[in-house]
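Remarks on the structure that follows.
Protein chains get the first letters and strands the later ones, always in sequence-line order, with residue 1 at the start of each.
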Protein chains: 2
Amino acid sequence: MDRRRVRGRGSGALMASKVVTIEDVALLAKTSPSTVSNVLNGRLDRMRPETQERIQRAMAQLGYTPNQLARQLKTGQVPILGLVIPSVANPFWGAFAQCVEEAARGRGYQVLFGNAGRDPAQEERYAESLWGYGVRGVIFGSSPLSLDHVQGLVRRGLRAVTFDRDTRGADRGVGVEIDSISVDNALGARLATEHLLALGHRRIGFLSGPLRTASRLQRLEGYRGALRAAGLDPHPALVWEGLPSEGFGDVEGAEFGRRGARDLLGLAEPPTALFAINDMYALGAYAGARDRGLAVPDDVSVVGFDDIFLAEVAQPALTTVRQPLREMLRTTVTMLVDRLEGSRDGPADHTVVTPELIVRASTAAREAA
Amino acid sequence: MDRRRVRGRGSGALMASKVVTIEDVALLAKTSPSTVSNVLNGRLDRMRPETQERIQRAMAQLGYTPNQLARQLKTGQVPILGLVIPSVANPFWGAFAQCVEEAARGRGYQVLFGNAGRDPAQEERYAESLWGYGVRGVIFGSSPLSLDHVQGLVRRGLRAVTFDRDTRGADRGVGVEIDSISVDNALGARLATEHLLALGHRRIGFLSGPLRTASRLQRLEGYRGALRAAGLDPHPALVWEGLPSEGFGDVEGAEFGRRGARDLLGLAEPPTALFAINDMYALGAYAGARDRGLAVPDDVSVVGFDDIFLAEVAQPALTTVRQPLREMLRTTVTMLVDRLEGSRDGPADHTVVTPELIVRASTAAREAA
DNA sequence: CTGAAAGCGCTAACAC
DNA sequence: GTGTTAGCGCTTTCAG
């Protein structure tokens, strides 16, 4: 019983907290720890119903909560999925995290997340620390181009899935197993650009932050490809990349979009339409257009990417390329958990899903002008 | 060395993962586990520099990551803060989580979050499971009116802080220690309402989801108080509460706001201004007004609450009551961590911070009509 | 300065 | 059926 004494001591002493253990329960229920453990693990067939009941009463009475730490120290891993994303403050990643959480819950897992702001060093630190907590599966949302920083962990047994990042190249290089899932970014960009082209636009701006991400590069390619296919020459001046030094603008996506739109629309020969790298940028572009005294879609058309829920509420409702987040993330979690639990094996899987253009009110035919 | 063998086995076997332990490091560095432990814990004064160096080399060579689980099994708690919020998909809570994460990181803590959708049972489940992981401090974002569901845990030693929920009453009732921090909701609502009143509005709608939260009730009171102070009689028909059965509309806040605005603006004697319970509702109200063929602010003025980053980007920019989230959460984390680490003690603290009205473009003087 | 040993709370053999 | 025991990887006295 003296185990009950206050624990914390020494400098920075952690505060006391009385902890009820399996042994306390066993004592009260007049049985042994292992039997209690058996009820914890659902092996009820190994005891008389009355024993079980006694134990359950004891647990309730003491307010017993199993110590997962101890439990997992044995099994070697915890039912937690790590989630590394640029920033939850961005509605897209917020929704992302939510979907992951729902899917994980369905499989009995919880989610430990970290904002890494797309900094590889930060991502690595997270992955390391997650590993330390017994987390054996992590999802990387929109990772930097290289995945070198997690290779070590992966080689040690970390199961990872990247979102929005086809890891096929990386795999070959180092021979590690990294599943990936992503939308067909090039196709999405092409759809968006073709839509604008069909509306008669010829000068189409590409609004993006630094192109340091696989998906962004692919979107740029899709945009260029569509332009070329239409016999147009992609003009570099119409591609706005922000200032590399300023980070990715995940939190301030809208602010970046605003600035970019303002810049692009201030050109001598301004674009009549803007394709934004994502919806936050697109929404920012609305404000940028307003700053220039231009109206969407009358003076400029705007297309986004992602179809976050704000796209529909926006004024005007945003035309955008939808990626089926919820479904994709359900798949992601399934892949990951299956790998963790050993029910899935074999080479890395690279799922690519097809995006869809959602036409709303932010795009219109080019003015006769 | 045979410890290195594959671990997983039995049904649902967890996959193998070779784990490097402190002992492996000690072996390679030709020293003892306790000395390695000492370098892990920064007690470098207890060894010769060369020993330390040997150890560090060994750790690097083996790719050693300390097992936090084991470590914390000893100390009894992990440097993780629990965060229970309605839904990260809501930009307000996303930003909230982000701020908490930043502040926590500054103190060496990570964040484990759960979406509880304001369901007390779900909140309790989270708190329980968090406790099981050794999490001893949790932040509850906008909790339900009653905190009974976590009292048990709190009595066992859980440190909690509630956001947006003054727990003074609860404290007295059960004698537990729950710190709280919130904005002065009544004042905020009053500021918003008075602003509208000053602009000449007399029929002001109150747009909210179910009033099952302390903060929402307080905002309603502030609104009513301001109306009465102006000699106006708060009309119940102008208070829109949604359908209780539909949940709080955290994810779909905007959708709720839209519906509510549509309802209110469809009344025989429609309001000329709307005070929304939060910015998401307010943004939704823009769409609702549009649905009725009304323009903001020309036909209806709209005021929000929170000042999420979208408020500024919105079209028109939203007039709103700002709560200084980042600062509040820094305080919250400080309070909590101080309690956890024993450097703060004593009775529960109830911080109430003063909100500020930010006037932007969504409010205008009432038309002569 | 360094090492040996005793647990933290739980699980999983293996006896009884 | 139920209890005993030996660790999981680490920290922490307490001896050397």
Can you check the L73(A) CG to dG7(D) C1' distance for me, whole Å? 9 Å
To the nearest Å, how far apart are E23(B) CD and dT2(C) C1'? 16 Å
Value in whole Å for how far the P atom of dC8(C) lies from CG of D24(A): 11 Å
Under 4.0 Å between a side-chain N/O of R71(B) and OP1 or OP2 of dG9(D), yes or no? no
When rounded to whole Å, the NZ to P distance for the pair K74(A) and dT5(D) reads 15 Å
Cationic N near anionic O, under 4.0 Å, R330(B) to E102(B): no
At 4.0 Å (heavy atoms only), tell me whether L40(B) reaches a base, stays on the sugar-phosphate, or touches nothing. sugar-phosphate
Check whether any side-chain nitrogen or oxygen of N41(A) sits under 4.0 Å from OP1 or OP2 of dT11(C), and answer yes or no. yes
Take the protein atom CG of L27(B) and the nucleotide atom C1' of dA4(C), then report the distance between them rounded to whole Å. 15 Å
L340(B) vs Y109(B) side-chain heavy atoms within contact, under 4.5 Å: yes
Is any side-chain N or O of Y64(A) closer than 4.0 Å to OP1 or OP2 of dC10(C)? yes
Taken to the nearest whole Å, CD/Q72(B) to C1'/dC8(C) is 11 Å
Output yes when a side-chain donor or acceptor of Q68(B) lies under 3.5 Å from a complementary backbone atom of G134(A), and no otherwise. no
Begin from the C-alpha positions of Y64(B) and D24(B) and carry the test side-chain contact (heavy atoms from CB on, under 4.5 Å) through to its verdict. CA-CA 9 Å; Y64(B) 170 74; D24(B) 300 325; over 6 Å; no
To the nearest angstrom, how far is L69(B) atom CG from dC10(C) atom P? 13 Å
Options dT11(D), dG9(D), dT11(C), nucleotide nearest the side-chain atoms of I22(A): dT11(C)
May I ask you to decide if S37(A)'s main-chain N or O and N41(A)'s side chain share a donor-acceptor pair within less than 3.5 Å? yes
Can you confirm whether H350(B) sits close enough to D179(B) that some side-chain heavy atom of one is under 4.5 Å from a side-chain heavy atom of the other? no
Carboxylate-amine/guanidinium contact R159(B) D338(B), below 4.0 Å: no
Can E50(A) and R54(A) be counted as an ion pair, charged N to O under 4.0 angstrom? no
In residues 28-39 of chain B, which ones come under 4.0 Å of DNA chain D, going by heavy atoms? S34(B), S37(B)
Ionic contact status for E128(A) with R156(A), cut-off 4.0 Å: yes
Within residues 42-56 of chain B, those residues having any heavy atom closer than 4.0 Å to DNA chain C are R46(B), M47(B), R48(B), T51(B)
Atom-pair distance (CH2 on W131(A); P on dC10(D)), nearest Å: 12 Å
